[in-house]
Visitor: 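Questions regarding the structure given below will be posed in turn.
Note that the structure is a prediction, hence the values are computed from the model and not measured. Atoms within each ligand, like the ligands themselves, are counted from 1 in listed order. This chain uses plain numbering: 1 for the first residue, then up along the sequence.
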Amino acid sequence: MSRAALRVSLLLLAALGRAGAGSQQHQEQGGEDLPPSKEKGTGHGHWTYDDTDQWGVDYPDCAGNMQSPIDIDTTKTVFSPHLRPIQLSGYSLPASQKLKLSNNGHTALLELPESLAITDGYAQQYRAVQLHLHWGSPSGPGSEHTIDGRRFAAEIHVVHYNTKYYNFQEAMVYPDGLVVLGAFLEVGPRENPYYQEILEHLYDIQRKGQQVLVPGFNIAGLLPANLKHYFHYNGSLTTPACYQTVKWTVFNQTMLLSRGQMSRLLMSLRNDDSKALQNNYRLAQDLHGRQVLASFQTTLSSGDDTRAGDDDSRTGGHPGSSFHAGDVLAVLFGVLFAITALAFLLYLYKHRSQNARLDSQTKSKVIYTAATTDNTA
Ligand SMILES: *[C@@H]1O[C@H](CO)[C@@H](O)[C@H](O)[C@H]1NC(C)=O
Ligand SMILES: *[C@@H]1O[C@H](CO)[C@@H](O)[C@H](O)[C@H]1NC(C)=O
Ligand SMILES: [Zn+2]
């Protein structure tokens, strides 16, 4: 009898505990799509973000089926334990090394020296050539990639080419030619000193075609500290000619800029029509059956959580670790409850048989008496 009760109470409480633990799921809700705009270019020809539908006319690849950016649906990404942390080398530059920052009418573009390279995370070696940004306007965010439909304030792209090719121009037409590292920018509480190295020069390149020399700094500071959690897929350049030669890495950790820095990014530049250079992002393109890999586990599953310790506190915690804690708690409470229930049942059982023997009329008294003599019964 009491064993059955124990089993029932254990099961009940374990189930309750599990339900409680499971309910702390993370949720990122959908964002809003905005009108298009512009971006980086190695480009010839004229294109704008107002006619993204027409890009395919002059640049056939833009109408291809491996285009970027995309929406990354974290419920559909495939966890791949083979995706190693991205490793950067030569990213820290002395102030004496000057870098060209320019307004090309589509974005602010910082040219990078050949010393910067990706030395692990990809099967081959890639060398950096330039970085640039995509952003929105005061009325809406402007990242190119979206996560579960959510658009972030802005996005940085660091463009690399495969060292087996002579240069970027040559590499960009080969399927394994390019790698772009992408990260999202959001508004946070503090000024970001790395982004400030670029932002403080935007006033000098307000007009299309203007350029300025910027002292070198640690370019890696523009990318997340956590280079091991990212999404990976095969895609394209997000501006004409949209070559489908980019192996994309989109980091899970986001970068934080102060509100003032973000507004400087949105407000500083003008395009070739001398209008504010804003909303320079392309909308998400169809996946056409492509797979998006994740270097980490994005959803709660019944499988093991193999992640090592986290250093991505800035993006908010992942729910994985609380799952196990919840299970342990559930079992603990179940056992405690069962012991209590068992003791109570034993107690009842003993007194019921005693009561029967005593055949008493005053139950309270009998119980009291019995309790004091329990040990001897
Ligand atoms: C990208 O393309 C290469 C070459 O076709 C292929 O081997 C690789 O599996 C693809 N990657 C993904 C994530 O689909
Ligand atoms: C990071 O990964 C978590 C877990 O899948 C996801 O909820 C979140 O939206 C991701 N954020 C970014 C910026 O990738
Ligand atoms: Zn870009």
Visitor: Between T75 and D73, do the side chains contain an N or O donor and an N or O acceptor separated by less than 3.5 Å?
Guide: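 Judged by distance alone, the side chains do pair up.
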Visitor: Would you say L269 and N271 make side-chain contact, with heavy atoms under 4.5 Å?
Guide: no
Visitor: Look up atom 11 (N) of ligand 1 and tell me if a protein heavy atom lies less than 4.0 Å from it?
Guide: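 It does; a protein heavy atom is within 4.0 Å.
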Visitor: Do the non-hydrogen side-chain atoms of F184 and I156 ever get within less than 4.5 Å of each other?
Guide: no
Visitor: Which ligand 2 atoms does T254 reach within 4.0 Å, using its non-hydrogen atoms?
Guide: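 Counting atoms of ligand 2 from 1, those under 4.0 Å from T254 are 13 (C).
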Visitor: Atoms of ligand 1 less than 4.0 Å from N234 heavy atoms?
Guide: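 Contacts of ligand 1 toward N234, numbered from 1: 1 (C), 2 (O), 3 (C), 8 (C), 10 (C), 11 (N), 12 (C), 14 (O).
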Visitor: Could you name the option among T74, N252, T298 that has the heavy atom nearest to atom 3 (C) of ligand 2?
Guide: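 Shortest heavy-atom distance from atom 3 (C) of ligand 2: N252.
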Visitor: Report the part of V250 (side chain from C-beta onward, or backbone N, CA, C, O) that has a heavy atom under 4.0 Å from ligand 2; answer both or neither where that applies.
Guide: neither
Visitor: Does the protein come close to atom 5 (O) of ligand 1 - that is, does one of its heavy atoms sit below 4.0 Å from that atom?
Guide: no
Visitor: Of all N, O or S atoms in H134, which has the smallest distance to the Zn ion (ligand 3)?
Guide: NE2
Visitor: Is the shortest side-chain N to carboxylate O distance from D273 to K208 below 4.0 Å?
Guide: no
Visitor: Within the protein, is there a heavy atom lying under 4.0 Å from atom 14 (O) of ligand 1?
Guide: yes
Visitor: Which of the atoms in ligand 2, numbered in the order shown and given with their element, are less than 4.0 Å from a heavy-atom of I147?
Guide: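 Those of ligand 2 that fall under 4.0 Å from I147 are 9 (O), 12 (C), 14 (O).
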Visitor: Can you tell me if S115 and Y91 form a side-chain donor-acceptor pair at under 3.5 Å?
Guide: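 Absent: no donor and acceptor within the cut-off.
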Visitor: With distance as the sole criterion, is a donor-acceptor pair present between the side chains of E191 and Q261 under 3.5 Å?
Guide: no
Visitor: Check this for me: does any side-chain nitrogen of one of E186 and R150 sit under 4.0 Å from a carboxylate oxygen of the other?
Guide: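 Salt bridge present between E186 and R150.
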Visitor: Check all N, O or S atoms of H157 and name the one closest to the Zn ion (ligand 3).
Guide: ND1
Visitor: Near F152, which atoms of ligand 2 are under 4.0 Å from a heavy atom of that residue?
Guide: 13 (C)
Visitor: So, Y233 versus H145: side-chain donor-acceptor pair below 3.5 Å or not?
Guide: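 There is such a pair (donor and acceptor under 3.5 Å, judged by atom type) between the side chains of Y233 and H145.
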Visitor: Show me which atoms of ligand 2 lie under 4.0 Å from any heavy atom of F231.
Guide: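 Checking each atom against F231, I get 14 (O).
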Visitor: Under 4.0 Å from a heavy atom of F296: which atoms of ligand 2 are those, numbered in the order shown and with their elements?
Guide: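 Answer for ligand 2: 2 (O).
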Visitor: For residues V129 and Y174: do they belong to one hydrophobic cluster (side chain heavy atoms under 4.5 Å, members Ile, Leu, Val, Met, Phe, Trp, Tyr)?
Guide: yes
Visitor: Taking only heavy atoms of L293, which atoms of ligand 1 are found under 4.0 Å from at least one of them?
Guide: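 Per the distance check, 13 (C).
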